[in-house]
Structure formats: C-alpha cells, structure tokens
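Keep in mind that what you see is a predicted model, and the values were worked out from it rather than measured.
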Amino acid sequence: MEELERRIGYSFRDKELLRTAMTHSSYANETRRGECNERLEFLGDSVLSIVVSENIYNNFRNKKEGELTRLRASLVCETTLANFARKLGLGEFLLLGKGEQRSGGSDRPSILSDAFEALIAAIFLDGGMEEAKRFVLSYVLEEISRPTDRKPTDYKTILQEIVQQNEGERIEYVLVGESGPDHDKHFTFEVHLNSNVIGKGGGRTKKEAEQRAAQEALKLLGEL
C-alpha cells in the first residue's frame, strides 16, 4: 500500500481506508476479513460528480446544460474511469477472490472503475475535499484537454435527459434477476418509463446491467 500511496501522491492517516478501497467483494466474502469497497464506491461516485461538475461549469461557460451533462457523462463513465485506473496501475493493488483473479478481474473495467471511485472516497474521508479534488483533477484535466468529439457511453444519462423533456415522465431501474457465484455474478435489470418496460439488459455488475437496459431503451425510442 505504500507504493500505491506514492503513486497517488497522498499518504493516508487511516491506512485501513485505503485497504478497504482496494478490497473487492469477492475477497471480502471469501476471506471474511474486513469490508469490501462497495460503500466507498457509492460515496466516491458522488464526490467525483461534484468535482467534475464544478470544473466544467466554471471552465465551459459557453456550453448549455445538455452539453455540460454529456461532457460530464463522458468523463465519469466506466470506460474513462477504468482507463484512469489502468494509468495508475490500480489492478496491481486490488484484493480479489481466487475466482475473480483467475477470470481476469484485475483488468475488468467494471472492477477498475469501481475501485477508482472507492479510492476517491477514501482520499475524501481521510484528507477532505481539497485532496480528493486534487486527485480527481490530476486525471480529469488531461482528459478534458483531448478532442471534444468523444461520445459518452453513459446511456442512463442520455435516457434521463430525453425523459426530462416531458414533464411528469419518470424512469426507474428494477432488478429482475440475479444469478451466479460471488466471483461471477450476473444481474438483469428492466428500465420502466412510468409503468411500461422500455428496456432490459444484463451484466456482471448492477451498473453494467442498468447501462445495457438504458441502451436498449434508447434504441426502442429511436435515439440510437
């Protein structure tokens, strides 16, 4: 963990926070040691969104709300976060169960992106918002400087934008299936527009399954 601290440029007062951020559920379930990083990932997702939203709000004053939303989506989507994690070499430090290790979990985008968000939360809890912002922007600013014709793969955000154009419409993601052992879970979600099913998708994580359901809904609506 000292090497990881060196790479991120931050030394933790509470080393257990860093260990938890690197602990996948498969390892926690298999060893019965400590907490996995899912709660940290939940918090990190919010911290990341705030930091990115503030930055692009202040630096892209000529962009409208929809454009800002799409730009943010491209910066916080699974693919981008997994690339950040690979640049950091985060897969080397992940604590995975044996099955997840054998199946290549240390380079799986969903696992890497979740761990990156968990790391953001750990830094936030240990050192405050300024340290978390410094860490996030060290990756995001470089990504923003790339050509701006990136297409976001955050289908949930795109679908939400479309639905919000019609007052009173509401979407909801409903878990309708879950199978497999801890190291090889498969989730199935439906996306409901009011009470109607408009998309269904599956994946190895809940996030992935929700994205696939939103993608199918966008195809049904003629947006893809």
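Distance check: Ile8 CD1 to Leu119 CG gives 5.0 Å after rounding to the nearest 0.5 Å. Rounded to the nearest 0.5 angstrom, Glu92 CD and Ser106 OG are separated by 9.0 Å. Within the model, atoms CD1 of Ile158 and CD of Gln211 stand 8.5 Å from one another, a figure rounded to the nearest 0.5 Å. Once rounded to the nearest 0.5 Å, the distance linking CD of Glu131 with CZ of Phe124 reads 12.5 Å. Atom-to-atom distance recorded for Glu190:CD and His192:NE2 is 4.0 Å, nearest 0.5 angstrom. Between Asn37 atom CG and Leu95 atom CG the span is 9.5 Å, to the nearest 0.5 Å.
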Step by step, work out the side chain to side chain contact (heavy atoms under 4.5 Å, CB included) result for Ser103 and Arg108.
-> CA-CA 9 Å; Ser103 63; Arg108 184 167 298 121; 3.4 Å; yes

Take Tyr173 and Lys156 through the side chain to side chain contact (heavy atoms under 4.5 Å, CB included) test and state the conclusion after the steps.
-> CA-CA 10 Å; Tyr173 293 86; Lys156 287 181 65 178; 3.4 Å; yes

Glu169 and Ile171: CA distance, side-chain angles, deciding distance, side chain to side chain contact (heavy atoms under 4.5 Å, CB included) verdict = CA-CA 7 Å; Glu169 301 285 3; Ile171 59 172; over 6 Å; no

Please assess Val140 against Thr80 for the test side chain to side chain contact (heavy atoms under 4.5 Å, CB included), listing each intermediate value before the final yes or no.
-> CA-CA 9 Å; Val140 169; Thr80 301; over 6 Å; no

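In this structure, Leu94 and Leu112 have side chains that are in contact, with non-hydrogen atoms separated by less than 4.5 Å. When side chains are defined from C-beta on, Pro109 counts as touching Arg86, because their heavy atoms get closer than 4.5 Å. Under the 4.5 Å side-chain criterion, counting only non-hydrogen atoms from C-beta, Tyr155 is not in contact with Glu210. Between Ile123 and Val136, every side-chain heavy-atom pair lies at or beyond the 4.5 Å cut-off.
Looking at residues two or more places apart in sequence or on another chain, you find a salt bridge (charged side-chain N to carboxylate O under 4.0 Å, His left out) between Arg6 and Glu3. A search for salt bridge (charged side-chain N to carboxylate O under 4.0 Å, His left out) contacts involving Lys185 returns Glu178, not counting sequence neighbours. With sequence neighbours excluded, no residue satisfies salt bridge (charged side-chain N to carboxylate O under 4.0 Å, His left out) with Glu65. Considering only residues two or more places apart in sequence or on other chains, Phe187 meets the ring-ring contact (aromatic ring centres under 6.0 Å, His included) condition with none of them. Listed by chain and residue number, Lys133 satisfy the salt bridge (charged side-chain N to carboxylate O under 4.0 Å, His left out) test with Glu54 (two or more places apart in sequence, or in another chain). Glu208 pairs by the side-chain hydrogen bond (donor to acceptor under 3.5 Å, both in side chains) definition with nothing, not counting sequence neighbours.
In this structure, the side chain of Glu67 engages the main chain of Lys64 through a donor-acceptor pair within 3.5 Å. A donor-acceptor contact shorter than 3.5 Å is absent between the side chain of Asp126 and the backbone of Ala122. With hydrogens and angles disregarded, a donor-acceptor distance shorter than 3.5 Å links the side chain of Arg7 to the backbone of Leu88.
Residues in residues 76-104 take part in these ring pair (Phe, Tyr, Trp, His ring centres under 6.0 Å) pairs, two or more places apart or across chains: Phe84-Phe116, Phe84-Tyr139. For residues 13-38, there are no ring pair (Phe, Tyr, Trp, His ring centres under 6.0 Å) pairs, not counting sequence neighbours. A salt bridge (charged side-chain N to carboxylate O under 4.0 Å, His left out) check over residues 12-29, counting only residues at least two apart or in different chains, returns the pairs Glu5-Lys15.
Here the closest heavy-atom approach between residue Ala213 and residue Phe189 is recorded as CB-O, 3.7 Å. Between Leu75 and Leu81, the shortest heavy-atom contact is O-CD2, 4.0 Å. Contact between Val191 and Ala217 at its shortest, heavy atoms only, is CG1-CB, 3.8 Å. The two residues Ala82 and Ser113 have their closest heavy-atom pair at N-CB, 4.1 Å. Residues Thr20 and Cys36 share a closest heavy-atom pair of CG2-O, 3.5 Å.
Salt bridge Lys87/Glu143: absent, no basic N to carboxylate O contact under 4.0 Å. Between Glu30 and Lys98, no side-chain nitrogen of the basic residue sits less than 4.0 Å from a carboxylate oxygen of the acidic one, so the salt-bridge criterion is not met.
Linking Ile, Leu, Val, Met, Phe, Trp and Tyr whenever their side-chain heavy atoms come within less than 4.5 Å leaves Met129 and Tyr57 in two separate clusters.
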Distance-only donor-acceptor hits, side chain of residues 195-204, under 3.5 Å, sequence neighbours excluded:
| from | atom 1 | to | atom 2 | distance (Å) |
| --- | --- | --- | --- | --- |
| Arg204 | NH2 | Glu100 | OE2 | 3.4 |
| Arg204 | NH2 | His183 | O | 3.0 |
| Arg204 | NH2 | Asp184 | OD1 | 3.4 |

Which side-chain N or O atoms in residues 38-50 pair as donor and acceptor under 3.5 Å with protein atoms at least two apart or in another chain?
| from | atom 1 | to | atom 2 | distance (Å) |
| --- | --- | --- | --- | --- |
| Arg39 | NE | Glu35 | OE2 | 3.1 |
| Glu41 | OE2 | Lys207 | NZ | 2.6 |

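Counting side-chain heavy-atom gaps under 4.5 Å among Ile, Leu, Val, Met, Phe, Trp and Tyr, the cluster of Val174 also holds Val176.
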